[in-house]
Amino acid sequence: MKLAVIILNWNAAADTIRCVRTIASWEVLRPTIWVVDNHSTNGSVEAISHECPDVHLIRNPVNLGFSGGNNRGIVRALSASDAPILLMNNDAFVEEQDIIRLLNMLQEDEELGLIGPLIFDADQRDRLLSAGGRDIGRYVNTHICEATAGDSVHQVDYVPGTVMVVRAEVFRAVGLFDEEYFFSGEVADLCERARQHGYASAIDTRARAFHSLGRSSDLRETLHAYYVLRNRFLFVRK
């Protein structure tokens, strides 16, 4: 199975290096790994370049946020192949078998354009953080925090960008992330545009990933809160 992986880095080289090494150790998948550095100022680029010489390292001259940073990697990945693209936070953890399951679902169901796993707390591994997301223009708490009984794959308004696999053709059909969002909301926006083009977004409840929230807690209390509120108005306006 072909796969391109994009990992965004901003002043967190240790997390990125760990994430890259984990993916590089997979036994079945041999993905092309793109690391996009969002203008780190703490020596991250040098550390990643030294510790992960086989990755494709993109150096952004300014911090382009989640949307713009990932877009630089997506453009490079699309220029190299039509492989599905795995977007993954550098503080997230996922097993190879779970990504294979997601890729299999994309192959089995042509309607699916974007798919992700259940997201659990890495520090409290039985605590479900997200089973997909609801319309960010209609709900205060958009994360679905309980798995739907019945079907193992269920459609959602958006797939959390923590760990998500996207068909290359989705980006070619609907475009990249809207960089006006900068940080938060751009994934929901992409999923809505994909829906309007006939692509569904879904969660496979048989697949699991884990997110270490503590690593980014300071940012979540400041930047995250601001952009979550700001970008809901942007989403509604669009």
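In this text the structure is predicted, and so the values were computed from the model without any measurement. Quick note: numbers below take in every heavy atom, side chains included, and nothing from hydrogens, waters or symmetry partners.
Taking the six-membered ring where tryptophan is involved, the planes of Trp34 and His56 are essentially parallel, since the angle between them stays under 30° and well short of 60°.
For NZ of Lys2, the number of neighbouring non-hydrogen atoms (other residues, nucleotides, ligands) closer than 6.0 Å is 12 at most. Heavy atoms from other residues, nucleotides or ligands lying under 6.0 Å from CD of Glu110 number 12 at most.
Rounding to the nearest 0.5 Å places CZ of Arg167 at 12.0 Å from CG of Asp82. From Met164, atom CE reaches atom OH of Tyr158 across 11.0 Å, with rounding to the nearest 0.5 Å. The CZ atom of Phe183 sits 10.0 Å away from atom CG of Leu8, with the distance rounded to the nearest 0.5 Å. Summarising the geometry, atom OG1 belonging to Thr16 is positioned 10.0 Å from atom CG belonging to Asn89; distances are rounded to the nearest 0.5 Å.
One finds no salt bridge joining Glu96 and Arg101 here, because no Lys/Arg side-chain nitrogen approaches an Asp/Glu carboxylate oxygen to under 4.0 Å. A salt bridge does not link Arg18 to Asp91: none of the charged nitrogens lies less than 4.0 Å from a carboxylate oxygen. One finds no salt bridge joining Asp157 and Arg138 here, because no Lys/Arg side-chain nitrogen approaches an Asp/Glu carboxylate oxygen to under 4.0 Å. Looking at Asp121 and Arg125, no side-chain N of the basic residue comes within less than 4.0 Å of a carboxylate O on the acidic one, giving no salt bridge. Electrostatic pairing of Glu51 and Arg21 counts as a salt bridge here, judged by a charged N lying under 4.0 Å from a carboxylate O. Salt bridge Glu192/Arg195: present, at least one basic N to carboxylate O contact under 4.0 Å.
Residues Ile58 and Leu64 do not share a hydrophobic cluster, clusters being chains of Ile/Leu/Val/Met/Phe/Trp/Tyr side chains in contact below 4.5 Å.
For the pair Leu3/Leu103, a side-chain contact is recorded, criterion being any heavy-atom separation below 4.5 Å from C-beta on.
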